[in-house]
> 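So that we are looking at the same thing, I have put the structure below in structure tokens.
Because the structure is a prediction, the values reported are computed rather than measured. Whatever order the structure lists them in is the order used to number ligands and atoms, beginning at 1.
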Amino acid sequence: MHVTDADKSLIGQPIDVVPTPALVVDLDLLDANLKLLGDYFAARASKLRPHFKGHKCVTLARRQLAAGGSCGITAAKLSEAEQLVAGGVTDILIANQVVGSGKARRLAKLNREAAVRVAVDCPENTGELGAIARAEGVTIGVLVEVDIGMGRCGVTGELAPELAHLVSITKGLRFDGLQGYEGHLVTLSDPEERRRRVPEAMQILLEVKTRLEAAGRPVSIISGGGTGTYDITGNIAGISEVQAGSYALMDAKYRTVRPEFAVARVVLATVVSSQQGRIVLDVGSKGLGGEFGLPMLDGAPGATVRKTAEEHTIIEGLSARVGDRVRLIPSHGCTTNNLYRRMWITRSGRIEDVWPIEASGCLE
Ligand SMILES: Cc1ncc(COP(=O)(O)O)c(C=O)c1O
């Protein structure tokens, strides 16, 4: 159970009544972020396909769609797509590979209820998806993933047309286009470097498109981009959708890269010990996604987060007593949301709602 009756009974009360650690969202800041990017893409040929992995909450995904400018939702995993379809979302791109017959069957079944596209980068996976789609009597829309410099999944631009051709002639599949994610560029701190390097990376996709269309194979979708590159990738003619996700809630890593979006999510923690100038909080690495380093303190100038342990965060330079509440901005919001079951939605410090994070912990 992600949200209980006891949780709901706290609606209307000040946020400090919730048990900690707790994931807390400021609704006005969240809505301002959604409006900023929704309006941006409403006025452009390229559309937003918000990435679900940044929060894993279906209520928030629906709010992103309602904010306009978008063409559907991006998911990282099949299990995320299943939660989205269960929540009524009808246009999803799984921006990764779905491999193995069990998962291929789940993907095919999902396509009976919604358009759930998937990325492929090899002939074997293409064959497996096609066979199962035929057996299940559905057609699965496919994007060929191209490695545009990140060095993760994706064929080279050179080999992409051949794989696109294979997808096109595989019954049960429909070749819809290309995906290329410039993940090695999204958090570059120098905006000029981003402006220079992102178009170069995206050019690889555009060249594949040109070659395919010259051979009579239309490419209706080119999908890529993130929060750090939305205003570059989203303005390149031919890129049809941008998969930004972090913009909605933000985190400490993205804060300096994209100051136009507000940090709308914090982890609320309680001081459990105060000894010799050392403040210890009741949240540690098990409650804070930490691959981008230590969390930041929100609203505590002069204080420093020294380290995190499994269940504790140690702060220096903070004047606080046992029982006080402290707000932390996680370094990486996406992995932090994966650790919580609910988000406390607040306005002016009062609990307005509690949203389940349906896909937290969904890994398969
Ligand atoms: C495939 C893909 N697309 C888009 C994104 C963009 O997300 P963000 O908005 O966090 O930059 C990511 C992030 O890891 C990703 O893996």
Side-chain angles (χ1 to χ4, degrees), residues 30 33-34 36-38 40-41 46-57 60-61 64 67 69-78 80-81 92-98 116-121 142-155 177-189 191 194 197-198 201-202 205 221-234 236 239-265 289 291-292 329-338 359 363:
L30 165 65
N33 291 343
L34 301 192
L36 198 162
L37 211 56
Y40 188 88
F41 281 98
S46 175
K47 293 294 164 224
L48 178 63
R49 187 178 277 280
H51 210 316
F52 183 63
K53 82 183 180 73
H55 51 76
K56 290 177 167 257
C57 165
L60 177 40
Q64 287 174 301
S70 61
C71 58
I73 295 285
T74 307
K77 321 222 83 179
L78 178 62
E80 289 183 358
I92 299 160
L93 164 64
I94 302 176
N96 281 310
Q97 289 64 31
V98 169
V116 185
R117 294 187 179 85
V118 69
V120 300
D121 78 353
V142 168
L143 303 191
V144 168
E145 181 162 10
V146 181
D147 179 7
I148 57 171
M150 188 188 181
R152 195 168 67 181
C153 300
V155 282
L178 306 170
Q179 166 174 285
Y181 175 50
E182 69 281 30
H184 55 309
L185 306 176
V186 287
T187 53
L188 281 179
S189 55
R194 254 182 283 150
R197 291 182 61 191
V198 169
M202 289 296 152
L205 294 170
I221 297 173
I222 299 189
S223 194
T227 299
T229 57
Y230 76 90
D231 57 347
I232 311 168
T233 305
I236 297 174
I239 306 294
S240 52
E241 43 184 68
V242 170
Q243 305 169 356
S246 296
Y247 77 98
L249 296 169
M250 295 292 286
D251 55 31
K253 172 81 174 172
Y254 252 130
R255 194 183 204 190
T256 47
V257 179
R258 281 297 175 194
E260 66 269 46
F261 298 110
V263 174
R265 159 187 45 205
E291 0 13 84
F292 296 152
I329 304 172
S331 62
H332 192 189
C334 307
T335 48
T336 302
N337 264 53
N338 192 43
L363 299 176

> Of the non-hydrogen atoms in Val257 and Val186, which two are nearest, and what is the gap between them?
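Shortest heavy-atom contact: CG1-O, 3.9 Å.
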> Could you pull out all donor-acceptor pairs under 3.5 Å where a side-chain atom in residues 221-232 meets a protein atom, sequence neighbours excluded?
{"unit_1": "Ser223", "atom_1": "OG", "unit_2": "Glu241", "atom_2": "OE2", "d": "2.8"}
{"unit_1": "Ser223", "atom_1": "OG", "unit_2": "Gln243", "atom_2": "NE2", "d": "2.8"}
{"unit_1": "Thr227", "atom_1": "OG1", "unit_2": "Ser246", "atom_2": "N", "d": "3.1"}
{"unit_1": "Thr227", "atom_1": "OG1", "unit_2": "Tyr247", "atom_2": "N", "d": "3.0"}
{"unit_1": "Thr229", "atom_1": "OG1", "unit_2": "Glu182", "atom_2": "OE2", "d": "2.8"}
{"unit_1": "Thr229", "atom_1": "OG1", "unit_2": "Gly226", "atom_2": "N", "d": "3.1"}
{"unit_1": "Thr229", "atom_1": "OG1", "unit_2": "Gly226", "atom_2": "O", "d": "3.4"}
{"unit_1": "Tyr230", "atom_1": "OH", "unit_2": "Glu260", "atom_2": "OE2", "d": "2.7"}
{"unit_1": "Asp231", "atom_1": "OD1", "unit_2": "Arg258", "atom_2": "NH2", "d": "2.6"}
{"unit_1": "Asp231", "atom_1": "OD2", "unit_2": "Arg195", "atom_2": "NH2", "d": "3.2"}
{"unit_1": "Asp231", "atom_1": "OD2", "unit_2": "Arg258", "atom_2": "NH1", "d": "3.4"}

> List the atom of Ala76, the atom of His51, and the distance in Å for their closest heavy-atom pair.
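Looking at all heavy atoms of both residues, the closest pair is N-CE1, 3.5 Å.
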> Within the protein, flag every N or O under 3.5 Å from an N or O of ligand 1, and note the pair and distance.
{"unit_1": "ligand 1", "atom_1": "3 (N)", "unit_2": "Gln243", "atom_2": "OE1", "d": "2.6"}
{"unit_1": "ligand 1", "atom_1": "9 (O)", "unit_2": "Thr227", "atom_2": "N", "d": "3.1"}
{"unit_1": "ligand 1", "atom_1": "9 (O)", "unit_2": "Thr227", "atom_2": "OG1", "d": "2.6"}
{"unit_1": "ligand 1", "atom_1": "9 (O)", "unit_2": "Gly245", "atom_2": "N", "d": "2.6"}
{"unit_1": "ligand 1", "atom_1": "9 (O)", "unit_2": "Ser246", "atom_2": "N", "d": "2.9"}
{"unit_1": "ligand 1", "atom_1": "10 (O)", "unit_2": "Ser246", "atom_2": "OG", "d": "2.5"}
{"unit_1": "ligand 1", "atom_1": "11 (O)", "unit_2": "Thr227", "atom_2": "N", "d": "3.2"}
{"unit_1": "ligand 1", "atom_1": "11 (O)", "unit_2": "Tyr254", "atom_2": "OH", "d": "2.6"}
{"unit_1": "ligand 1", "atom_1": "14 (O)", "unit_2": "Lys53", "atom_2": "NZ", "d": "3.1"}
{"unit_1": "ligand 1", "atom_1": "16 (O)", "unit_2": "Arg152", "atom_2": "NH2", "d": "3.1"}

> Would you say the side chains of Ser70 and Gln64 form a donor-acceptor pair under 3.5 Å?
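No.
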> Give me the atom names and distance for the closest heavy-atom approach of Gly69 to Phe41.
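That closest heavy-atom pairing would be O-CB, 3.3 Å.
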> Answer yes or no: is there a donor N or O on one side and an acceptor on the other, between the side chain of Asp147 and the main chain of Gly154, under 3.5 Å?
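Not confirmed, Asp147 side chain does not pair with Gly154 backbone.
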